[in-house]
Amino acid sequence: MTLMNVLVDFARTGRVGALHCGMSLAEAEDLLGPGRPHPAHIMKGPDIDGYPYSWGGLSLVVTQRAVSGISISLWPGSTAHLPPLVLPDSESFDATVLREDLITALDTAGCDHEVNSVLTFGEQSSILTRPAEVCAVFSLPGRDHHGPHRDRHYLDVMHKHTA
């Protein structure tokens with residue numbers, strides 16, 4: 001399995017492997033191991049809503065102890081990490097994904113998508129997949145990113161949130 005396979009599957013299904021919105025945090029931690037909670041959870045306790053638990057580049061937003069959002073964050077030009085449940089047989093991976101490469105992979109897989117006008121502005125662009133409603137946000141590489149092409153859009157994050 002490659003990172004692109006994981007991204008396309010997420011875009012098509014709204015799931016990352018066995019992870020899905022609506023599952024309990026306890027179920028997610030059974031699959032992934034204990035996550036690193038956002039400092040707000042540590043300060044205010046586990047019942048605070050809307051702050052992520054993280055496993056490397058994977059984050060789960062938790063509302064009332066259930067997963068209400070899933071995101072995969074990438075840093076162009078760097079090496080990143082996803083848990084083995086998400087990307088088996090890979091401790092780390094190249095986190096550089098060009099917009100056109102993801103679009104081509106989605107088209108090849110038959111995954112419908114459209115421009116997400118809410119998150120397309122300035123040097124940022126975004127798409128929303130159908131029917132899974134996964135959002136992919138792309139931008140030009142920042143000062144701290146080392147993508148090989150400074151004038152091309154790279155994937156920063158893919159996310160899905162429940163209403």
Side-chain angles (χ1 to χ4, degrees), residues 1-25 27-28 31-32 35 38 40 49-78 80-83 85-88 90 93-142 144-145 147-163:
M1 174 155 304
T2 67
L3 174 61
M4 189 63 77
N5 296 127
V6 171
L7 297 175
V8 169
D9 192 49
F10 184 29
R12 287 180 48 243
T13 66
R15 300 171 71 101
V16 177
L19 301 171
H20 60 89
C21 291
M23 72 187 311
S24 72
L25 175 61
E27 290 174 301
L31 293 169
L32 296 166
H38 186 277
D49 288 341
Y51 292 92
Y53 282 74
S54 300
W55 291 262
L58 173 74
S59 295
L60 303 178
V61 176
V62 177
T63 304
Q64 297 179 355
R65 296 188 186 221
V67 174
S68 58
I70 301 171
S71 66
I72 296 175
S73 299
L74 303 176
W75 301 269
S78 69
H81 172 76
L82 287 174
L85 173 76
V86 176
L87 191 58
S90 178
F93 58 91
D94 178 12
T96 305
V97 177
L98 283 165
R99 181 182 192 279
E100 52 265 28
D101 291 345
L102 180 61
I103 296 293
T104 297
L106 294 176
D107 290 343
T108 300
C111 180
D112 291 335
H113 53 87
E114 60 190 37
V115 172
N116 180 355
S117 59
V118 173
L119 293 176
T120 298
F121 53 86
E123 295 182 346
Q124 174 176 301
S125 66
S126 177
I127 60 169
L128 191 61
T129 66
R130 299 283 182 221
E133 296 189 16
V134 173
C135 178
V137 180
F138 308 89
S139 67
L140 295 174
D144 297 334
H145 297 145
H149 305 284
R150 307 288 307 156
D151 60 338
R152 294 170 76 186
H153 282 87
Y154 292 90
L155 180 61
D156 287 328
V157 65
M158 282 185 79
H159 61 87
K160 177 175 178 64
H161 296 280
T162 57

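Keep in mind that what you see is a predicted model, and the values were worked out from it rather than measured.
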Heavy-atom distance under 4.5 Å between the side chains of [X] and [Y], does that happen here?
{"X": "L60", "Y": "W55", "answer": "yes"}
{"X": "T108", "Y": "V8", "answer": "no"}
{"X": "Q124", "Y": "L119", "answer": "yes"}
{"X": "L3", "Y": "L74", "answer": "yes"}
{"X": "V61", "Y": "H159", "answer": "no"}
{"X": "N116", "Y": "I127", "answer": "no"}
{"X": "L58", "Y": "L32", "answer": "yes"}

Set of residues satisfying salt bridge (Lys or Arg N to Asp or Glu O under 4.0 Å) with respect to E123, sequence neighbours excluded
none
Listed by chain and number, what are the side chain to side chain donor-acceptor pair (under 3.5 Å) partners of [X], not counting sequence neighbours?
{"X": "S24", "result": "E27"}
{"X": "S125", "result": "R99"}
{"X": "S71", "result": "none"}

Given the rule in the side-chain contact (heavy atoms from CB on, under 4.5 Å) test, do V67 and L19 qualify, once you have shown the distances and angles that lead to the verdict?
CA-CA 9 Å; V67 174; L19 301 171; over 6 Å; no
Roughly how far, to the nearest 0.5 Å, is the [atom2] atom of [Y] from the [atom1] atom of [X]?
{"X": "L140", "Y": "H153", "atom1": "CG", "atom2": "NE2", "answer": "4.5 Å"}
{"X": "S73", "Y": "M158", "atom1": "OG", "atom2": "CE", "answer": "11.5 Å"}
{"X": "E133", "Y": "L128", "atom1": "CD", "atom2": "CG", "answer": "6.0 Å"}

Grab the two heavy atoms, one from [X] and one from [Y], that are nearest each other, plus how far apart they are.
{"X": "A132", "Y": "K160", "result": "O-NZ, 2.6 Å"}
{"X": "I72", "Y": "F10", "result": "CD1-CD2, 4.1 Å"}
{"X": "C21", "Y": "T162", "result": "CB-CG2, 3.3 Å"}

Using the rule side-chain contact (heavy atoms from CB on, under 4.5 Å), only one of L102, L98, T96 pairs with L155; which is it?
L102
Please step through side-chain contact (heavy atoms from CB on, under 4.5 Å) for the pair I70 and R15, ending with a clear verdict.
CA-CA 8 Å; I70 301 171; R15 300 171 71 101; over 6 Å; no
Flag, side chain of N5 to backbone of T2, donor-acceptor distance under 3.5 Å:
yes
Check: S126 main-chain N/O paired with T120 side-chain donor or acceptor under 3.5 Å:
yes
Counterpart residues, side-chain contact (heavy atoms from CB on, under 4.5 Å), relative to T63 (two or more places apart)
D49, S68
Which residues pass the ring pair (Phe, Tyr, Trp, His ring centres under 6.0 Å) test with H20, not counting sequence neighbours?
none
Atom CD of E114 with >12 non-hydrogen neighbours under 6.0 angstrom:
yes
